[in-house]
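One structure is given here, and the rest of the page talks about it.
The sequence lines fix the lettering, A, B, ..., with proteins before strands; numbering per chain opens at 1.
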Number of protein chains: 2
Amino acid sequence: MTRKTQPADVFSAIAEPRRREVIAMLSDGEEHAVNDIVLRLKLAQPAVSKHLGALRKVGVVTVVKRGQHRMYRLHPAGLKPVHDWVKTFERYWTHQVDQIKQRAERKALERMIRMDDGSNPKEE
Amino acid sequence: MTRKTQPADVFSAIAEPRRREVIAMLSDGEEHAVNDIVLRLKLAQPAVSKHLGALRKVGVVTVVKRGQHRMYRLHPAGLKPVHDWVKTFERYWTHQVDQIKQRAERKALERMIRMDDGSNPKEE
DNA sequence: TTAATATATTCCTATTTAGGAATATGTCAA
DNA sequence: TTGACATATTCCTAAATAGGAATATATTAA
């Protein structure tokens with residue numbers, strides 16, 4: 001897992017494009033041996049093991065020993081924190097965008113009229 | 001923005017916890033001056049400017065000059081790539097989990113019976 | 001113009017971390 | 001046991017990057 005310090009949270013874990021590739025490959029819901037991933041993604045074996053270790057540490061994949069292979073499988077629940085976080089912004093690109101923008105613009109206008117430059121931390 | 005090299009994509013941009021705090025603060029949909037954010041999040045001003053620069057570069061915030069202030073506003077559409085990506089896994093933690101698991105286990109069993117150790121890249 | 005305020009940028013440094021090379025560990029087959 | 005294969009780990013190095021300090025830039029006020 002690239003030495004000692006690994007992404008501590010799932011947001012950092014998925015920031016790595018290769019790890020998203022690994023996730024994509026595992027998103028068929030099936031088990032895959034490390035070497036399958038090595039061949040498919042054309043990465044070095046240690047690199048794959050490290051990425052899988054990182055994903056495992058944040059709960060995005062699980063592993064079982066099966067013979068001399070370690071079979072990795074996606075554990076999608078590990079991605080739920082990301083989903084929940086970004087889902088709170090979903091409404092912005094659906095129908096409520098206009099309302100929100102209008103509210104913001106109205107308030108901004110108020111501020112301009114009042115000449116309130118924000119140097120007083122009264123908003124806190 | 002922390003020197004020259006900045007997160008090139010939105011996944012890396014939101015990996016930073018402070019930047020998610022900035023996003024949270026802007027998620028009221030209104031404009032905020034840099035100094036508002038400095039005061040609210042208790043970060044140094046250069047740090048905030050750098051984070052805002054990173055978020056702007058990936059399209060998560062927009063900025064307008066207003067007097068001597070730069071007013072930043074959330075641009076939620078910039079988060080859509082993350083949303084779209086993670087949304088493809090939504091089904092896993094809803095109702096279809098069992099079907100997928102069962103299919104995976106059936107296939108895994110086939111592999112075991114065939115003693116297919118995966119050393120032949122026939123899956124490609 | 002000068003001073004004050006708001007923000008951005010540059011330089012520097014420390015930390016994080018991805019990848020390569022080599023090696024270690026573990027499992028199976030002969 | 002020995003050898004082949006599968007995977008993990010360690011060591012090293014290079015790149016990315018967060019933050020601090022100092023400075024630059026821009027805008028407004030006097």
Side-chain angles (χ1 to χ4, degrees), chain A residues 1-9 11-22 31-58 61-72 111-112 115-121, chain B residues 1-9 11-22 31-58 61-72 111-112 115-121:
Chain A
M1 33 309 249
T2 301
R3 210 168 182 188
K4 66 208 67 163
T5 43
Q6 261 182 314
D9 75 330
F11 287 91
S12 298
I14 66 166
E16 242 293 312
R18 316 279 193 160
R19 286 199 282 263
R20 291 205 299 280
E21 288 183 39
V22 171
E31 291 179 345
H32 291 272
V34 176
N35 209 26
D36 280 7
I37 302 172
V38 169
L39 294 172
R40 185 94 56 108
L41 302 187
K42 294 177 181 170
L43 296 175
Q45 175 266 312
V48 171
S49 284
K50 289 167 188 174
H51 285 313
L52 287 168
L55 292 173
R56 194 165 76 90
K57 192 168 267 184
V58 299
V61 304
T62 58
V63 59
V64 294
K65 281 194 207 174
R66 202 176 297 288
Q68 67 194 117
H69 295 157
R70 311 282 178 102
M71 306 304 289
Y72 283 86
R111 262 199 300 273
M112 286 179 65
M115 303 281 201
D116 182 349
D117 66 0
S119 57
N120 288 345
Chain B
M1 28 315 250
T2 303
R3 212 166 180 189
K4 64 208 70 167
T5 44
Q6 259 182 315
D9 74 330
F11 286 91
S12 298
I14 65 166
E16 244 292 316
R18 315 281 193 158
R19 284 198 282 264
R20 291 205 300 280
E21 288 183 41
V22 171
E31 290 179 345
H32 290 272
V34 175
N35 208 27
D36 281 6
I37 302 172
V38 169
L39 295 172
R40 185 95 57 107
L41 302 187
K42 293 178 182 170
L43 297 175
Q45 176 266 313
V48 171
S49 283
K50 289 167 188 174
H51 286 313
L52 287 169
L55 292 173
R56 193 164 77 90
K57 192 168 266 182
V58 299
V61 303
T62 58
V63 59
V64 294
K65 280 195 208 174
R66 201 177 296 289
Q68 67 193 120
H69 295 155
R70 311 282 177 103
M71 306 303 290
Y72 283 86
R111 262 200 299 276
M112 288 178 67
M115 303 282 200
D116 182 349
D117 67 358
S119 57
N120 289 345

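As rounded to whole Å, 12 Å separates atom P of C:dA6 from atom CE of B:M71. Distance B:L41 CG to D:dG19 P: 12 Å, rounded to the nearest Å. What separates CG of B:L39 from C1' of C:dT5 is a distance of 13 Å, to the nearest Å. If you take CD of B:E21 and P of D:dG19, they are 10 Å apart, rounded to a whole angstrom. Put simply, NE2 on B:H51 is 16 Å from P on C:dT7, counting in whole angstrom units.
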Each nucleotide N or O in nucleotides 27-30 of chain C that has a protein N or O under 3.5 Å away: list the pair and distance.
from   : atom 1 : to    : atom 2 : distance (Å)
C:dT27 : OP1    : A:K65 : NZ     : 3.4

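The listed nucleotides are D:dA22, C:dG20, D:dT7; the one nearest the side chain of A:V34 is D:dT7. Taking only side-chain atoms of B:N35, from C-beta outward, the nucleotide of C:dT7, C:dG26, D:dT9 with the closest atom is C:dT7.
Regarding contacts with the backbone of D:dG19, a side-chain N or O of B:R18 is found under 4.0 angstrom from either OP1 or OP2. Of the side-chain N and O atoms in A:Y72, none sit less than 4.0 angstrom from OP1 or OP2 of D:dA6.
Applying the side-chain hydrogen bond (donor to acceptor under 3.5 Å, both in side chains) rule to A:E21 yields no partners; only residues at least two apart in sequence or on another chain are considered. Here A:R20 pairs with B:D9 under the side-chain hydrogen bond (donor to acceptor under 3.5 Å, both in side chains) rule; sequence neighbours left out.
Contact of A:Q45 with D:dA6 (side chain to base): no donor-acceptor pair of N or O atoms is detected under 3.5 Å. The base of D:dT10 lies close enough to the side chain of A:K50 for a donor and an acceptor atom to sit less than 3.5 Å apart.
Residue order along DNA chain C, read from the 5' end via each residue's closest nucleotide, puts B:V63 first among B:V63 and A:L43. The residue among A:E16 and A:R70 whose nearest nucleotide of DNA chain C is located toward the 5' end is A:E16.
Contact check for B:E31 versus B:H69: no side-chain heavy atoms found under the 4.5 Å cut-off. Between A:L55 and A:V22 the shortest side-chain heavy-atom distance falls below 4.5 Å.
Shortest non-hydrogen contact noted between B:R19 and B:S12 is NH2-O, 3.6 Å. In terms of heavy atoms, A:V58 sits closest to A:A13 at CG2-CB, 3.7 Å.
Considering A:V34, A:N35, A:D36 as possible partners of A:H32, the one that fulfils the side-chain contact (heavy atoms from CB on, under 4.5 Å) test is A:D36.
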